[in-house]
Amino acid sequence: MARVNEHYAKLQAGYLFPEIGRRVRAFVEANGGEVIRLGIGDVTEPLAPVIVDALKAAADEMGTAEGFRGYGPENGYDFLLDAIREHDYGSRGVDVAADEIFVSDGSKQDSGNIQEIFGTTCKVAVSDPVYPVYVDTNVMAGRTGEADADGRYAGILYLPATEANGFAPEPPSEAVDLAYLCSPNNPTGSVMSKELLGRWVAWAREVGAVLVFDAAYDAFIQSPELPRSIFEIDGARECAIEMRSFSKRAGFTGVRCAYTTIPKELEGTAADGSRVSIRDLWSRRHATKFNSVPYVIQRAAEAVFSPEGRKQTAEQVAFYMENARRVREGLGAAGFTVFGGDNAPYIWMRTPDGASSWDFFDRLLSETRVVGTPGSGFGPAGEGYFRISAFNSRENVDEAIARIGRAFRALGTGS
Ligand code: MLT
């Protein structure tokens with residue numbers, strides 16, 4: 001029989017969101033009725049009209065002899081690369097070349113796959129709590145030892161993201177090869193300032209680390225002075241990779257389109273000490289393992305940047321951010337200690353009375369029929385915290401917060 005990849009056996013339980021889904025299904029089977037889902041950060045608003053029009057027009061084109069297209073360019077069609085360059089980068093004073101952008105079917109995939117082009121002995125740093133994909137994919141690749149009793153894998157450097165540091169850790173004092181940063185942060189909703197990101201870039205250049213910067217939630221940043229791209233920071237072209245997505249900013253979680261930007265200046269080393277272009281390695285991987293995002297989807301993504309597209313998607317982001325405000329204020333009024341939610345669609349809260357994250361999950365589900373995400377699912381430092389997502393209808397968000405307020409005020413258990 002074929003030997004399996006035994007590194008998979010080190011993984012802790014199942015992936016977080018399927019596990020939540022399993023528990024919610026069991027609850028609904030046992031108790032009937034509906035629940036309000038503020039767990040996984042999945043968008044709920046329909047696609048903006050201008051995006052639907054672009055999808056339909058591209059589908060019609062594909063049905064004609066002149067408009068039909070087969071395999072697309074692996075890195076993306078020029079019309080989308082140019083729109084990204086102009087609107088996501090040029091508008092922030094950042095110059096990125098078209099061949100430094102790789103259009104893909106999602107930032108989850110990109111942030112999980114990027115580790116493949118680095119050596120298996122590379123030392124990895126992550127914040128704790130953290131988006132589980134960064135850790136699990138490094139475990140699968142054999143870059144770690146076993147997990148300890150708290151769930152921390154040997155060989156990974158965990159940087160606690162705590163109330164004391166505003167859930168935005170400083171660079172470590174020791175050197176690593178790869179450091180994953182996510183801003184606006186999933187799960188805590190914190191955002192890294194230009195100054196903090198500047199310290200990360202300076203550190204990475206000094207120790208020779210590569211920063212993997214996940215900016216999937218950049219559209220939710222409200223304060224103009226906060227950086228949306230790591231390439232707004234001087235020197236980042238020599239040390240950073242960036243991932244951005246259409247999923248949350250334009251409702252593409254079921255449509256699938258994202259991109260990864262790797263500047264030509266970014267280099268790693270080979271065993272003989274020679275320098276290797278990271279961009280070229282990713283390009284090689286992309287060409288071997290990926291056959292481009294469908295034409296119709298790239299046309300839909302292009303429409304996000306049209307004047308109407310920018311207006312319509314900005315309205316959706318504003319809608320979710322109003323949800324976030326209501327969650328933050330409603331939970332605060334109910335006595336909870338809350339964080340995030342002002343430049344991100346996630347609200348991070350302390351569980352009441354020091355309850356464990358999963359105990360609070362069960363209690364919230366049974367007493368209010370509201371689903372959130374246990375903070376401990378994002379790492380040991382998330383224990384005692386809980387994440388509420390702002391992605392849902394206004395009606396459901398208001399109802400969820402009213403129920404939580406009633407349940408917890410009545411019990412007098414706000415934290
Ligand atoms: C989340 O809820 O953390 C996100 O939906 C995860 C993702 O985007 O993959």
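Start at 1 and go down the list; that is how both ligands and their atoms are numbered.
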- Check whether any heavy atom of Y217 sits under 4.0 Å from an atom of ligand 1. yes

- Ligand-residue contact atoms, ligand 1 with N186, heavy atoms, under 4.0 Å: 1 (C), 3 (O)

- Do I114 and D110 come close enough that some side-chain heavy atom pair is under 4.5 Å? no

- Message: Could you tell me if the side chain of F213 sits less than 4.5 Å from the side chain of L197, heavy atoms only?
- Response: yes

- Query: Closest non-hydrogen protein atom to atom 8 (O) of ligand 1, residue and atom name please, with distance?
  - Reply: K248 NZ, 2.8 Å

- Could you tell me whether F305 and F79 have their ring centroids closer than 6.0 angstrom? no

- Contact atoms of ligand 1, heavy-atom distance to Y346 under 4.0 Å: 1 (C), 2 (O), 3 (O), 4 (C)

- Message: Which of the numbered atoms in ligand 1 are under 4.0 angstrom from any heavy atom belonging to I40?
- Response: 2 (O), 5 (O)

- Message: Give me the residue, atom name and distance of the protein heavy atom closest to atom 6 (C) of ligand 1.
- Response: Y131 CE1, 3.6 Å

- Query: Can you list the ligand 1 atoms lying under 4.0 Å from a non-hydrogen atom of F17?
  - Reply: 1 (C), 2 (O), 3 (O)

- Query: Taking heavy atoms and a distance under 4.0 Å, where does R387 meet ligand 1: side chain, backbone, both or neither?
  - Reply: side chain

- Message: Parallel, tilted or perpendicular, judged at 30° and 60°: which one describes the rings of F391 and Y346?
- Response: perpendicular

- ligand 1 atoms in contact with G41 (distance to a heavy atom under 4.0 Å): 1 (C), 2 (O), 5 (O)

- Message: Any non-hydrogen side-chain atom of S389 less than 4.5 Å from a side-chain atom of V327?
- Response: no

- Which class fits the ring pair Y217 and F220: parallel under 30°, tilted 30 to 60°, perpendicular over 60°? tilted

- Ion pair present between E170 and R199, side-chain N to carboxylate O less than 4.0 angstrom? yes

